[in-house]
Amino acid sequence: MAGMDEKLEGIYSDIVRRNAGEAEFHQAAREVLESLGPVLAKRPELAEMKIIERICEPERQVIFRVPWQDDSGEVHVNRGFRVQFNSALGPYKGGLRFHPSVYLGIIKFLGFEQIFKNALTGLPIGGAKGGSDFDPKGRTDTEVMRFCQSFMTELYRHLGEYRDVPAGDIGVGAREIGYLFGMYKRITNNYESGVLTGKGLGWGGSLVRTEATGYGAVYFVQEMLKARGETLDGKRCIVSGSGNVAIYTIDKLQHLGATVVACSDSDGYVLDEGGIDVALLKQIKEVERLRLTAYADRRPASRFVPGGNIWEIPCEVAMPSATQNELNGRDAATLVKNGCIAVGEGANMPTTPDGVKIFLDAGVPFGVGKACNAGGVATSALEMQQNASRDSWTFEYTEQRLAQIMRDIHRTCYATAETYGAPGNYVLGANIAGFIRVAEAMVAFGVV
Ligand code: NDP
Ligand code: 2IT
């Protein structure tokens, strides 16, 4: 296998054998292992302690039945997951995803990425992920509530502010966190604010958490451009997706003088040469919960392209912010050919391995997800800090903290890549820097 020595190749084939059929987890693990050769060469004690083998095996995996009734009384059975991957640096931390494509391999890949991402934030949080194959699309509020209540009826016993702290991800936003928190509070008879993050502002939530992933991703791209003497001002940008991450990525890009000409959902993309109208996008997606076609209906200057490939639109900055493997090698080649000068991953693992290689080979600064989108979970950790001190910070102060964390992550990845002989390679820098922080804690704790 390219880029891996014999020892790492052996670890990788064990992962494939022990986690059969979990393609996304194999992909995420392989990307990290491909970065670790130089670390093992410098730090043989980490190999001796089998740190990599231990990091690749979740500490605990919970799979459970989630029965619920829809508004007509029909009974449905979904599957719930929580993979508590690593608690070396703090309580398990990571989002919940509700999407029909969810199975163990997706949750495991996301939990694995979360270990290194959370380590990069410098904050005291371990790595986890959870979710369900429940499809919230077309479901009423009361159906979503009953599903969340059933989901929490099992999950609560695995949570706690010092044990495991979930948040949102695809299909899980403030509404779902509200229903989940309400059920947790009822079952445990405790007002334990710090057990979930992404809460509403009136009941323990943090200002800036809603905006944090998108804003943070843009700060990261800003730093990558700065390292090359560039700015976002006047840049033509593409952001895929139209959910939480995409909306606030677009918002911040335009605030900094860029123009975002397109965004998307799973049905196609909207092209708006004048720049996406963020207020209208928020109204349609967050308030009315409609599809992106409604945006084009209300804004005659734009048009919706059903089934269109958003990466064929020429741009200078691309920020994939929808889902895993949404940008492949062909798309990457098209972007490079069309003059793309920076890529920042708002989503988790949106670029396929051949796509990543094309960007790296072309020398296009590539902000890998676990570094670039870490602002969301970092602000979740700031929410936990506020909850622990029964305090709430201002928008300005919280945003300053987020911006500083993103600059620090960029500096760490940049410097680590340089130290390990791969200047400008944020993938290598993020993997090595995140790994070392977790590995050192694991060594200190002994074989546990
Ligand atoms: P949302 O549910 O708010 O939005 C998801 C968006 O992605 C929608 O536009 C959705 O379109 C699209 N999408 C989802 N699944 C698919 C799919 N299989 N194919 C095509 N399009 C799809 O989720 P978020 O914005 O929160 O999450 C987006 C990405 O960012 C995910 O990869 C998530 O893991 C990652 N992320 C999220 C963080 C957060 O704080 N929320 C933090 C860090 C990373 P449609 O409506 O058509 O399904
Ligand atoms: O992928 C992610 O980092 C998230 N979905 C956010 C996790 C969190 O705990 O805020």
Side-chain angles (χ1 to χ4, degrees), residues 24 90-102 106-107 109-118 120-121 123 125-131 135-138 164-177 194-199 205-206 208-217 220 239-250 263-270 281-282 284-286 289-293 295 307 309-310 319-327 344-351 369-384:
E24 295 83 1
Y92 304 111
K93 182 85 196 84
L96 298 172
R97 176 178 292 191
F98 293 169
H99 192 272
S101 62
V102 164
I106 294 274
I107 300 300
F109 118 65
L110 290 163
F112 185 73
E113 291 284 286
Q114 203 81 45
I115 304 171
F116 306 98
K117 181 195 303 192
N118 294 5
L120 284 171
T121 67
L123 298 164
I125 40 180
K129 203 82 184 191
D135 186 357
K137 276 202 192 83
D164 186 352
V165 182
D169 193 80
I170 290 176
V172 178
R175 173 181 62 170
E176 290 73 21
I177 295 295
V195 74
L196 287 167
T197 61
K199 297 183 294 295
S206 171
V208 191
R209 176 62 190 88
T210 304
E211 297 84 356
T213 309
Y215 280 17
F220 193 90
V239 177
S240 65
S242 49
N244 172 266
V245 178
I247 290 170
Y248 293 95
T249 297
I250 298 169
C263 65
S264 62
D265 63 18
S266 54
D267 299 329
Y269 67 76
V270 71
L281 185 63
K282 283 188 195 172
I284 281 164
K285 299 301 300 183
E286 295 183 334
R289 294 180 181 276
L290 299 172
R291 308 293 301 160
L292 204 47
T293 47
Y295 177 96
N309 181 354
I310 197 169
M319 299 193 65
S321 307
T323 194
Q324 64 280 347
N325 293 328
E326 54 161 315
L327 194 168
E345 293 189 320
N348 285 305
M349 205 168 75
T351 312
K370 60 173 77 73
C372 189
N373 72 36
V377 76
T379 308
S380 278
L382 301 181
E383 182 172 331
M384 292 164 72

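Model, not experiment: these values are computed from the prediction. When a ligand or atom number is given, it counts from 1 through the structure's own listing order.
Heavy-atom separations between A374 and ligand 2 are all 4.0 Å or longer. The closest approach between any non-hydrogen atom of M349 and ligand 1 is not below 4.0 Å. The shortest heavy-atom distance from R97 to ligand 2 is not under 4.0 Å. Residue contact annotation: S101 has no non-hydrogen atom under 4.0 Å from ligand 1.
Residue contact check: K117 has heavy atoms under 4.0 Å from atoms 1 (O), 2 (C), 3 (O) of ligand 2. Those atoms of ligand 1 with a heavy atom of R291 less than 4.0 angstrom away are 45 (P), 46 (O), 47 (O). Short contacts between ligand 2 and K129, defined as distances under 4.0 Å to a heavy atom of the residue, involve ligand atoms 1 (O), 2 (C), 4 (C), 5 (N). Every atom of ligand 1 is numbered from 1 in the order shown, and the set under 4.0 Å from a heavy atom of G241 is 9 (O). Applying the 4.0 Å criterion to heavy atoms of R97 picks out, from ligand 1, the atoms 31 (C), 32 (O), 33 (C), 34 (O). Residue G346 has at least one heavy-atom neighbour below 4.0 Å for each of these atoms of ligand 1: 30 (O), 35 (C), 36 (N), 44 (C).
Heavy atoms of S321 found under 4.0 angstrom from ligand 1 belong exclusively to the backbone. Under 4.0 Å from ligand 2, not a single heavy atom of E113 appears. When heavy-atom distances to ligand 2 are checked against a 4.0 Å cut-off, N348 comes that close only through its side chain, counted from C-beta outward. Looking at R209 against ligand 1, only its side chain comes within 4.0 Å, counting heavy atoms. Both the backbone and the side chain of I170 come within 4.0 Å of ligand 1, judged by heavy-atom distances. Contacts between R209 and ligand 2 below 4.0 angstrom, taking non-hydrogen atoms only, involve the side chain exclusively. Contacts between E326 and ligand 1 below 4.0 angstrom, taking non-hydrogen atoms only, are absent altogether. Under 4.0 Å from ligand 1, not a single heavy atom of Q324 appears.
On a distance-only criterion, N373 and ligand 2 share no N/O pair closer than 3.5 Å. The shortest N or O to N or O distance between V165 and ligand 2 is not below 3.5 Å.
Taking NZ of K129 as the start and CZ of F109 as the end, the distance is 8.0 Å to the nearest 0.5 Å.
The single protein non-hydrogen atom nearest to atom 25 (O) of ligand 1 is V245 N, 2.9 Å, given as residue, atom name and distance.
By heavy-atom distance, the residue among A246, A322, S242, C372 lying nearest atom 31 (C) of ligand 1 is A322. Here the shortest heavy-atom distance to atom 6 (C) of ligand 1, taken over G243, P320, S266, G94, belongs to G243.
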